[in-house]
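Worksheet for the structure shown next.
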Amino acid sequence: MAEGRAPRAGADGKKFERRRRAAAAMAEEAPEGGAVRTLPSLRRLSRALPFGRSHGRLIVPALCSQEKADPQKTAFVLRKAWTLYSVTPLYGFRRARLRDYARLLGAFIAAEKQKGLAVEVGVELDIKVALSSLADIRGSELDQAALLVQLSSRSRSSSRNSEDKPVWLGWFCSVFGDELSESVPEHFTCLPLFLSHGAESYTALVGSWFQKTFDCCFRRLAISPLNLSWMVAMWAGCKLDRAASAVELVFSVPRLAQPLDISYAIHPEDAKALWDTVQKTPGEITHEEVDVFMDCLYAHFHRHFKIHLSAAKLVKISTAIASAHCDGIVKILHSQYLPGVLMLLTELAISQIQ
């Protein structure tokens, strides 16, 4: 095990250095017509192990310092249920044209809602679209700034001075996603993780416009039971300054005539104490440690209720840091660990790009 922790030279050493910088951070024009729009083989970017860890280990985020970030600019992320998508690199995307993109997207949404009727770009519409960059949401200087898409409704009966009502939010980001950025041509923008909050009909419209405009592909991002296990182990071991909520695991029992879910709640101090006894090196998690952590929880549950949770499917985990569902729905609860959560989700999004 000790040999597996040592950094290596070459490509493996470079990957180790990227993970080390990620852990430390938790303690940061289109070509002319005729250019070939080809991506390198993205299949080689898919990593079979959870969160892209090599040899069954992962350098994980430690405590995050948000001193450089503006909390008001990232507050919209917290305590909302976000649906996750992975997105292939955007071709020909330019930050200088965000206002143009907003007008074009607004006209596209209006035309789709009116069943294909032509809509003039620039006229006042019932849905207002705004696109903006969020430099506070990225992991390193190599990452692209996050891109926020906001849809608001305008009431024709209300006064011009009245505020628009937000109806949908979506945003693209890449937090320590430089491995993908370094592997694509310069005219592609890498923002592999997309999160949406609001009606699925708007998500479909926005996704359709981006796919047609930037030659990219959206795909729902599911979270496997194995990845949920890693998440609950990591987040249960995080130290918080204030009282934390219980660590909860929800299991679905298969092959029953009627659906049956089992909820397993653990006091946060007990969960952290267990993890502290399992983890050998602070800031680093191994496959073996996650297995031991989960086996201890299973053994404790079986001792009291005579039920083998290992035979059920883990479908949801909840901690004071964040909650995650296997369907790809995440709620981030603690701003202090925001970059670490987004780093893991970015890893998942990149691993599912084919």
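- For the pair His302 (side chain) and His308 (backbone), a donor-acceptor distance under 3.5 Å is absent.
- Counted within 6.0 Å of NZ on Lys165, heavy atoms from surrounding residues, nucleotides or ligands total 12 or fewer; the atom is thus considered open.
- Closest heavy-atom contact between Thr319 and Ala236: CG2-N, 4.5 Å.
- Using a distance-only test at 3.5 Å, with no hydrogens or angles considered, no donor-acceptor pair links the side chain of Ser174 to the main chain of Gln144.
- Applying the side-chain hydrogen bond (donor to acceptor under 3.5 Å, both in side chains) test to Ser224 and every residue at least two apart in sequence or in another chain returns Asn227.
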Check the pair Val206, Leu151 against side chain to side chain contact (heavy atoms under 4.5 Å, CB included), reporting the backbone distance first and the verdict last. CA-CA 10 Å; Val206 172; Leu151 304 186; 4.2 Å; yes
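- Between Phe293 and Trp275, the ring planes lie perpendicular to each other; the angle is over 60°, past the 30° to 60° tilted range.
- In this structure, the side-chain contact (heavy atoms from CB on, under 4.5 Å) partners of Arg99, at least two apart in sequence or on a different chain, are Arg103.
- In the hydrophobic clustering of this structure, Met231 does not group with Val315; members are Ile, Leu, Val, Met, Phe, Trp, Tyr whose side-chain heavy atoms approach within less than 4.5 Å, directly or through other members.
- When hydrophobic clusters are built by joining Ile, Leu, Val, Met, Phe, Trp and Tyr residues whose side-chain heavy atoms come closer than 4.5 Å, directly or via intermediates, Val250 is not grouped with Ile262.
- Scanning for side-chain contact (heavy atoms from CB on, under 4.5 Å) contacts around Thr83 gives Tyr85, Ser196, Arg220, Ile329, with sequence neighbours left out.
- What you find for Leu221 and Ser86 is that their closest heavy atoms are CB-N, 4.2 Å.
- The stretch residues 251-275 participates, sequence neighbours left out, in these salt bridge (Lys or Arg N to Asp or Glu O under 4.0 Å) pairs: Lys272-Asp276.
- Closest approach of Ala312 to Pro254, counting heavy atoms only: CA-CD, 4.1 Å.
- Criterion: ILVMFWY side-chain heavy atoms under 4.5 Å apart, direct or through other members. Under it, Trp230 and Leu333 are not part of a common hydrophobic cluster.
- Between Ile127 and Tyr202 the shortest side-chain heavy-atom distance falls below 4.5 Å.
- The side-chain contact (heavy atoms from CB on, under 4.5 Å) search around Leu240 returns Ala244, Ala320, Ile321, His334, Tyr337, not counting sequence neighbours.
- Checked by atom type and distance alone, the side chain of Ser318 never pairs as donor or acceptor with a backbone atom of Glu248 at under 3.5 Å.
- Taking both residues in full, the closest heavy atoms of Val129 and Gly106 are given as CG2-CA, 3.5 Å, listed atom of the first, atom of the second, then distance.
- In this structure a side-chain-to-backbone donor-acceptor pair under 3.5 Å is present from Ser351 to Leu348.
- Relative ring orientation between His300 and Tyr264 is described as parallel, the plane-to-plane angle staying below 30° on a 0-90° scale split at 30° and 60°.
- Side-chain atoms of Trp209 do not come within 3.5 Å of backbone N or O of Ile109 as any donor-acceptor pair.
- Residues Phe93 and Phe210 keep their aromatic ring centres 6.0 Å or farther apart.
- Arg79 pairs by the side-chain hydrogen bond (donor to acceptor under 3.5 Å, both in side chains) definition with nothing, not counting sequence neighbours.
- Aromatic ring pairs are classed by plane angle as parallel below 30°, tilted from 30° to 60° and perpendicular above 60°; the pair Phe194 and Phe218 is perpendicular.
- Between Leu342 and Cys173, the closest heavy-atom pair is CD2-SG, 4.5 Å.
- Shortest non-hydrogen contact noted between Leu98 and Arg95 is CG-O, 3.1 Å.
- For Phe214 and Tyr91, the distance between ring centers is not under 6.0 angstrom.
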Determine, step by step, whether Val175 and Leu193 satisfy the side chain to side chain contact (heavy atoms under 4.5 Å, CB included) criterion, reporting the C-alpha distance in whole Å, the side-chain angles of both residues, the deciding distance to 0.1 Å, and the verdict. CA-CA 9 Å; Val175 178; Leu193 177 63; over 6 Å; no
